[in-house]
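Chain identifiers are assigned alphabetically (A, B, ...) following the order of the sequence lines, protein sequences preceding nucleic acid strands; residue numbering begins at 1 within each chain.
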2 protein chains.
Amino acid sequence: MFELFEKYLRSKAAFTAEEMQQIEAVTTIKRLRKRQFLLQEGEVWTYNAFVSKGCLRTYSVDTKGAEHILTFAVENWWIGDLQSLASGLPARFNIDAIEDSVVLLIRKEEFDRLCQVIPALQQLVNALLHRSFLAQQNRIHTTISHSAEEKYRLFLQNFPEFARRIPQHMVASYLGMTTETLSRIRRNLV
Amino acid sequence: MFELFEKYLRSKAAFTAEEMQQIEAVTTIKRLRKRQFLLQEGEVWTYNAFVSKGCLRTYSVDTKGAEHILTFAVENWWIGDLQSLASGLPARFNIDAIEDSVVLLIRKEEFDRLCQVIPALQQLVNALLHRSFLAQQNRIHTTISHSAEEKYRLFLQNFPEFARRIPQHMVASYLGMTTETLSRIRRNLV
DNA sequence: CGATTCTTTGAAAACAGTCAATCTGTGTGG
DNA sequence: CCACACAGATTGACTGTTTTCAAAGAATCG
């Protein structure tokens with residue numbers, strides 16, 4: 001499974017064979033079955049995680065039991081609770097597998113150490129953070145400026161992959177509406 | 001006005017006198033009157049901008065003429081269109097002054113060059129991006145998981161400063177609701 | 001097949017937006 | 001200094017959208 005990660009890394013920057021070995025040395029593989037937790041609210045998240053197969057989600061559960069999905073992650077995406085990672089505090093979010101999945105884990109301390117000695121890795125992380133920032137900004141913008149139907153249209157445009165793989169009630173949760181509303185929107189689209 | 005910026009920088013990291021001079025050498029001061037544009041939709045944004053006095057907003061205008069505010073920035077905040085800055089494409093957003101303001105500008109090329117030679121500056125930028133990422137994630141989470149009234153409550157909690165300085169119709173726009181709705185929410189709060 | 005999850009539907013209620021009017025305070029020009 | 005214009009906030013009546021609750025139908029999985 002490390003090969004997929006290696007392929008991803010090489011597509012983003014140039015790494016020497018030795019650097020790649022250093023990375024592989026600290027990478028562990030975790031297989032998750034559908035519905036299995038990678039992180040549960042209240043635990044402390046201490047990894048950087050790369051999805052090499054499958055699909056996961058990050059979400060919270062409110063006082064009424066309703067789930068609110070913050071992110072999805074499929075192959076070649078990173079996932080984790082940066083808030084908990086940075087602060088060392090218990091996570092406010094859950095992460096679980098939507099499909100049977102494989103994630104690669106690197107402990108924070110080891111990842112940070114590698115970033116010190118492998119400039120390409122540090123740059124990759126910075127670039128990733130930068131792109132994520134812009135993606136989040138876009139999401140905020142569409143969220144505050146469009147109707148439920150328009151949000152769904154944009155979601156289909158931007159993430160056709162997600163729309164295919166992810167159950168509708170989760171898409172609804174991601175978009176901040178109920179599953180009934182999304183169902184009715186879909187009825188009116190055709 | 002550079003002194004305020006210097007104070008901010010020194011509060012975040014250690015800079016030598018020479019480094020500080022290098023920064024000052026590329027910094028220009030721009031004074032803006034209330035309502036004056038710093039950036040208009042369609043222009044290319046090529047700066048990093050630091051607010052040393054006043055208050056500004058980043059917003060878009062939709063096809064119906066409605067404004068949607070993405071961010072506010074007061075003293076010691078950064079502002080700009082990262083999307084346009086990174087891509088070189090015309091900005092989708094406007095930035096203008098809500099109060100008479102003073103911003104410090106550093107051209108992108110010069111800023112990037114300084115980041116190469118001043119590690120503390122590069123680190124500051126990374127830390128800032130990291131914090132902004134988390135802040136945006138929080139905003140997304142509250143936006144998709146709370147009612148209009150709860151969003152306003154949380155806004156008051158998180159940004160009491162903004163609530164004091166910023167006209168209500170702009171707060172409403174930032175929260176993704178109409179000014180009438182916010183007005184009615186406030187009536188029911190007391 | 002039976003159980004569970006997922007999606008759809010309907011009816012009623014809650015919520016938020018629209019439009020139009022009024023009220024307030026501020027600042028500007030005469 | 002006043003009159004006026006203008007930006008901002010509020011209100012009411014109405015419309016439209018979204019949620020809620022309850023139920024039933026479809027799809028999936030062991």
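- Direction of the helix axis in the helix from C:dC1-D:dG30 to C:dG30-D:dC1 shifts by 40° between the two five-pair termini, rounded to 10°.
- Near DNA chain C, meaning a heavy atom under 4.0 Å away, the residues from residues 163-177 of chain A are A:Pro167, A:Gln168, A:His169.
- Taken from CD1 in B:Ile140 to OG in B:Ser145, the straight-line distance is 11.0 Å, to the nearest 0.5 Å.
- Remark: C1' of C:dC6 and CD1 of A:Ile98 are 14 Å apart, rounded to the nearest angstrom.
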Just by protein heavy atoms under 4.0 Å, how would nucleotides 22-30 of chain D read 5' to 3' in B, S and -?
B--------
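- When distances run from any side-chain atom of B:Thr178 to the nucleotides D:dT19, C:dG17, D:dT10, the shortest one goes to C:dG17.
- Between the side chain of B:Ser101 and the backbone N or O of B:Ala97, no donor-acceptor pair lies under 3.5 Å.
- Residues A:Ser173 and A:Ile69 approach most closely at OG-N, 3.0 Å, considering heavy atoms.
- For residues 174-190 of chain B, no pair satisfies salt bridge (Lys or Arg N to Asp or Glu O under 4.0 Å), with sequence neighbours left out.
- When the C1' atom of D:dG8 is taken as reference, atom CZ of B:Arg186 falls 12 Å away, rounded to whole Å.
- Annotation: of the two residues near DNA chain D, B:Ser183 and A:Lys64, the 5′-most nearest-nucleotide partner is B:Ser183.
- For residues 51-72 of chain B, the side-chain hydrogen bond (donor to acceptor under 3.5 Å, both in side chains) pairs, not counting sequence neighbours, are A:His141-B:Ser60, B:Arg57-B:Glu67, B:Arg57-B:Asp96, B:Thr58-B:Thr71, B:Tyr59-B:Asp96, B:Asp62-B:His68.
- When rounded to the nearest whole Å, the span between CD of A:Glu67 and P of C:dT5 equals 12 Å.
- Between B:Arg35 and C:dG27 there is no side-chain polar atom (N or O) within less than 4.0 angstrom of OP1 or OP2.
- Under the side chain to side chain contact (heavy atoms under 4.5 Å, CB included) criterion, A:Ala163 pairs with A:Phe155, A:Leu156, not counting sequence neighbours.
- Taking Ile, Leu, Val, Met, Phe, Trp and Tyr as hydrophobic and joining them when side-chain heavy atoms fall under 4.5 Å apart, one finds B:Val44 isolated, its cluster having no other members.
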All N/O pairs under 3.5 Å across the protein-nucleotides 12-15 of chain C interface:
none

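- Between B:Glu99 atom CD and C:dG27 atom P there is a gap of 13 Å when expressed in whole angstrom units.
- Between C:dA16 and B:Arg184, no contact under 4.0 Å exists linking OP1 or OP2 to a side-chain N or O.
- No donor-acceptor distance shorter than 3.5 angstrom exists from the side chain of B:Ser183 to the backbone of B:Thr179, with no hydrogens or angles considered.
- Between the CG atom of B:Leu182 and the C1' atom of D:dT10 there is a distance of 11 Å, given to the nearest Å.
- Pairs engaging residues 18-42 of chain B under the salt bridge (Lys or Arg N to Asp or Glu O under 4.0 Å) rule: none recorded [sequence neighbours left out].
- Of the possible polar contacts, one joining the B:Glu43 side chain to the B:Gln40 backbone as a donor-acceptor pair under 3.5 Å is found.
- Residues passing the ring pair (Phe, Tyr, Trp, His ring centres under 6.0 Å) test with B:Phe72, sequence neighbours excluded: B:Phe162, B:Tyr174.
- Computed from coordinates, the A:Tyr152 OH to D:dT17 P distance equals 19 Å when rounded to whole Å.
- Here the straight-line distance linking atom NZ of A:Lys151 with atom OG1 of A:Thr181 works out to 10.5 Å at 0.5 Å rounding.
- Residues meeting the side chain to side chain contact (heavy atoms under 4.5 Å, CB included) test with A:Leu154, sequence neighbours left out: A:Thr142, A:His146, A:Gln157, A:Asn158.
- Other members of the hydrophobic cluster containing B:Val125, listed by chain and number, are B:Met1, B:Phe2, B:Leu4, B:Phe5, B:Tyr8, B:Leu9, B:Phe15, B:Met20, B:Ile23, B:Val26, B:Ile29, B:Phe50, B:Trp78, B:Val102, B:Leu104, B:Ile106, B:Phe111, B:Leu114, B:Val117, B:Ile118, B:Leu121, B:Leu124, B:Leu128; membership follows side-chain contacts under 4.5 Å among ILVMFWY residues, whether direct or relayed.
- Out of C:dT8, C:dG17, D:dG12, the shortest distance to the side chain of A:Thr179 is found at C:dT8.
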